[in-house]
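What follows is a set of notes on a single structure, which appears directly below.
Quick note on labels: first sequence line is chain A, next is B, and so on, each numbered from 1.
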Number of protein chains: 2
Amino acid sequence: MPPKDFVSALEVAQRAGVSRSAVSRTFTPGASVSAETRKKVTDAAEALGYHVNELARGLMRNESGIVCLVVSDVATPYRSALLRELTSKLQNVGKVAMLINTDRSDGSVDRALSQAIRYRADASIILSGLPDASIVRLCLKNGQRLVLINRDDEEPGPLKINLDDFEAGERIVTAFARAGCRSLAFANSEAGTPSLMGREHGFVAAARKLGLEVSVERYGWTGYEAGRVLAQRLLTRTQRPDAVFCATDLLACGFMDTARHQFGIGVPQQLCLAGFDDIEQASWSSYGLTTFAQPVAEIASKAVEWLSTSEAADNILQHSVRLTAELIWRTSIRAG
Amino acid sequence: MPPKDFVSALEVAQRAGVSRSAVSRTFTPGASVSAETRKKVTDAAEALGYHVNELARGLMRNESGIVCLVVSDVATPYRSALLRELTSKLQNVGKVAMLINTDRSDGSVDRALSQAIRYRADASIILSGLPDASIVRLCLKNGQRLVLINRDDEEPGPLKINLDDFEAGERIVTAFARAGCRSLAFANSEAGTPSLMGREHGFVAAARKLGLEVSVERYGWTGYEAGRVLAQRLLTRTQRPDAVFCATDLLACGFMDTARHQFGIGVPQQLCLAGFDDIEQASWSSYGLTTFAQPVAEIASKAVEWLSTSEAADNILQHSVRLTAELIWRTSIRAG
DNA sequence: AACAATATTGCAAGCGCTTGCAAAATGGGA
DNA sequence: TCCCATTTTGCAAGCGCTTGCAATATTGTT
């Protein structure tokens, strides 16, 4: 491999005519160094092109500054938006993000976490999948913080950030009912994650309570293509629904496109549609999708805030936060 | 901070009744250890929950296994797709991605690279922005590989991966001409990056050569909103273009939506449109955008391939690769 | 059975850094 | 001017790992 030859603190010390400790202290916020020494050191460092070796520092301090982001489907609008917020906020508090892609086979979340341990990450944030309980314990035992976003695990220890999925499902039923819809459907993927199922359950429960007809259709992965297939299935039924709630915006886009372009169904005139996530495309004028906004910025804030809180305050802090998804009105549901 | 207490190789060694070196070698591929010792070690490691400390290993080996990805606008479809490919391919060769978000102020690319140096990254891949020449030299001097994607820098040393932007601009003119378009326009952002400008120049040059009318309009950042504004400007001209090439797909989507929904212009009947990137949305049936596909998978392959090649072969290898963007025909250009 | 060739092992040094401790320098009263 | 309280400084130990070297164990050959 490359012939790395980085300049070390020793070399800086020699050039500056001070001890290596002085160099170290100069680059340690809050350490005691006279202005004069500091100047000598920074000058020498500048001249030599010195950069603290965070590997060595992490080794000593037992704190690498690394936070692992465990994620699949990175290229998806919602995921990448969350990623943007997280990386940016992490950088603001002086941490750096290590991105682990779990698109591949099963058990990849566990592999990711073991990677996090090997790099002595200060924390891991899990956006996709669910780690095995044993590895969670291992992380926690090693003092590694864990946050689960929309994961809904029961294991105590990690910070769990969730949305009010069930309530969102309920709320949208009200909106559909107000628009005069009588026959509802929920278009879901087969992923079966708690957040998806929460939306479904809330939706179905509320519809039943109002005495509206309601059915559920599930297919594939949570993307545009699945939305097309689901539309295919739901819109060819003898009794076609007049309102469908799609588990995600991506699904909703596929659904809407198929309804309009393939079946010639007017949205929202003949069919009301709603989604979840509020991805950028939902606001594009081809869609104007009424949807629930995931508060990505707030999610990210909560996560990094928790990571940077001291161990002492840890017990006081609640380990579970529930945020509410705001309903964004656009034009895919008729006015009441 | 957390009371980390990871188990060390020493503890494993003691439990296994071998030397610490044996433990180290067990976890070093290709090292000499008998099957018997290896078993004792792995058992002990398993029982204790031992994980190699990559920080310490990186310190010794002078090779951290970290590759920095320097990127802005992570949440954009094209960028996140590239990210997906890169992270996944890096993991395949045993590297791990450190993601640095440069959305913020100026000079952030330089800050990112200095971060990369501090973590002794084996390499950095730059997807956005352009680093200062001095810091590039610093990276190279320290044996850190550098790859620039669509950056077009002149500095020797880094691997430069580029597309045939100019030729793409030319090719699309031919397509427009064949569709009977006579008055062309290029819708660009004000970013002015070489790849964007390449497309523009190729387009303008080819149009002139064919004696077609051609104009250029530039506005804002390379996103959906800019596309709307550009449409606003171009479509209210007294002599409205009948074909426009948008610098990116995101722009094109905004442009198309505005043309259709706000101006009631038929695409492709009254207006032919093309984009660049082939983001997922381009294939959605609301758009059916004819566009040039960035070979993201191939770009990622070339990048990580180069990173894992030996220093010796380095000189032989070319430091610049040019890939071609494939024209994907959909329905936003009339049939010839 | 004896020996050379090969494989495995442990020792110890060292990667670049931080930090407790004690010595040296500095400053402020009296 | 001298003494004590306060910074500032350097020393040296140690973080968890790898690896060259020499010693020991294993194997194959005749």
Exercise for the section: Write down the atom of A:Gln91, the atom of B:Asn101, and the distance for their closest heavy-atom approach. Expected result: OE1-N, 2.8 Å
Practice task
Let me know the distance between CZ of B:Arg38 and P of C:dT8, rounded to the nearest Å.
Solution key: 10 Å
Fill in the blank from the handout: B:Arg61 atom CZ is separated from C:dA13 atom P, nearest whole Å, by 22 Å
Exercise for the section: Decide, yes or no, whether a salt bridge links B:Asp122 with B:Arg145 under the criterion of side-chain N to carboxylate O below 4.0 Å. Expected result: no
Completion exercise
Taking for A:Ala35 and for A:Arg20 the nucleotide of DNA chain D with the nearest heavy atom, the one nearer the 5' end belongs to A:Ala35
Completion exercise
What residues 21-28 of chain A contributes to the DNA chain D interface at heavy-atom separation below 4.0 Å is A:Ser21, A:Ala22, A:Arg25
Handout entry: Atom-pair distance (CD on A:Glu63; P on C:dC17), nearest Å
Key = 17 Å
Problem - Listed nucleotide nearest any side-chain atom of B:Leu59, set D:dT8, C:dG16, D:dT19 - result: C:dG16
Problem - B:Met60 or B:Ser19, whichever maps to the more 5' nucleotide of DNA chain C - result: B:Ser19
Exercise for the section: In whole angstrom, give the distance that lies between atom CD of B:Glu36 and atom P of D:dA25. Expected result: 13 Å
Exercise for the section: State whether B:Ser32 places a side-chain N or O below 4.0 Å from either non-bridging phosphate oxygen (OP1 or OP2) of C:dT8. Expected result: yes
Handout entry: Interatomic distance where CZ belongs to A:Arg120 and C1' belongs to C:dT18 [whole Å]
Key = 18 Å
Problem - Polar contact flag, side-chain donor to acceptor under 3.5 angstrom, A:Glu54-A:Ser64 - result: no
Practice task
Scan B:Val70, B:Leu83, B:Leu148 and name whichever one has a side chain to side chain contact (heavy atoms under 4.5 Å, CB included) with B:Leu127.
Solution key: B:Leu83
Exercise for the section: For the residue pair A:Asp103 and A:Ser72, establish whether any side-chain heavy-atom pair is separated by less than 4.5 Å. Expected result: yes
Handout entry: Under 3.5 Å side-chain donor-acceptor pair for B:Arg79 and B:Ser128
Key = yes
Handout entry: Length of the CZ-P vector between A:Phe6 and C:dC17, whole Å
Key = 11 Å
Problem - From D:dT9, C:dT8, C:dG16, nucleotide with atom closest to A:Thr37 side chain - result: D:dT9
Practice task
Would you kindly give the CG-to-P distance between A:Asn142 and D:dG16, to the nearest whole Å?
Solution key: 12 Å
Practice task
Would you indicate, yes or no, if D:dG16 has its OP1 or OP2 atom less than 4.0 angstrom from a side-chain nitrogen or oxygen of A:Tyr119?
Solution key: no
Handout entry: Ring centers of B:Phe27, B:Tyr50 separated by less than 6.0 Å
Key = yes
Practice task
Would you indicate what A:Ser8 reaches in the nucleic acid, counting non-hydrogen atoms under 4.0 angstrom: base, sugar-phosphate, or nothing?
Solution key: sugar-phosphate
Handout entry: Nearest-angstrom distance from the residue atom CG of A:Asn62 to C1' of C:dC17
Key = 13 Å
